[in-house]
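What follows is a single structure, written as structure tokens, with notes after it.
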Amino acid sequence: QVQLVESGGGLVQPGGSLRLSCAASGSIFSINDMGWYRQAPGKQRELVAAVTSGGNTNYADSVKGRFTISRDNAKNTVYLQMDSLKPEDTAVYSCHADIRRSGFRRYADYWGQGTQVTVSS
């Protein structure tokens, strides 16, 4: 079994910062891409940021310059540092990882349970 456990969401004022963490655990052989998605009420889920195992990053245009994704491969953990938060960043943020389990040949998609981020004064 593999689990992704997120932490760090909450309520913050506009212009504030939050840091999300997502730790993968279980029978993991290796992890390719890790990333964060978000879904606001009435909207489709969208990619916020992703990072490869080699450290290459990709961001949604709406968060470039404000959010920073990073990962600690030794801890199987991905982080999302969110600065200069705006009300339109309010959403449920979910962690994603492309994981190969021990004893398996292929990679599969795994998701965290989601954490609420609310930006409001």
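The basis for the numbers below is simple: all heavy atoms, side chains too, and nothing from hydrogens, waters or symmetry mates. Nothing fancy with the numbering, it's 1 onward along the sequence.
For Arg101 and Phe29, the positive end is not near the middle of the six-membered ring at less than 6.0 Å and at most 45° from its axis.
Across every non-hydrogen atom of Val92 and Gly114, the tightest pair is CG1-CA, 3.9 Å. When all heavy atoms of Cys95 and Glu6 are compared, the pair lying nearest together is N-OE2, 2.5 Å. The nearest pair of heavy atoms linking Ala91 to Gln39 is CB-O, 3.5 Å. When all heavy atoms of Arg71 and Asn32 are compared, the pair lying nearest together is NH1-O, 2.7 Å. Contact record, Ser121 with Pro14: N-CD, 3.7 Å, taken as the closest heavy-atom pair.
From Ser27, atom OG reaches atom CZ of Arg100 across 12.0 Å, with rounding to the nearest 0.5 Å. A distance of 10.5 Å separates NE2 in His96 from SG in Cys22, rounded to the nearest 0.5 Å. Within the model, atoms CD of Gln1 and OG of Ser25 stand 10.5 Å from one another, a figure rounded to the nearest 0.5 Å.
Side-chain atoms of Thr77 come within 3.5 Å of backbone N or O of Lys75 as a donor-acceptor pair.
Judged by distance alone, the side chains of Thr68 and Tyr79 never bring a donor and an acceptor atom under 3.5 Å apart. Checked by atom type, the side-chain pair Ser17/Asp83 shows a donor-acceptor distance below 3.5 Å.
In this structure, Gln3 places its CD atom where only 12 or fewer heavy-atom neighbours from other residues, nucleotides or ligands lie under 6.0 Å away.
The shortest side-chain heavy-atom distance between Arg38 and Thr90 does not fall under the 4.5 Å cut-off.
Contact check on Lys64 versus Asp61 returns a salt bridge, with a Lys/Arg side-chain nitrogen under 4.0 Å from an Asp/Glu carboxylate oxygen.
Applying the under-4.5 Å side-chain rule to Ile, Leu, Val, Met, Phe, Trp and Tyr, the cluster around Leu18 extends to Val2, Leu4, Val12, Leu20, Ile28, Ile31, Met34, Trp36, Val48, Val51, Tyr59, Val63, Phe67, Ile69, Val78, Leu80, Met82, Leu85, Tyr93, Ile99, Tyr110, Val117, Val119.
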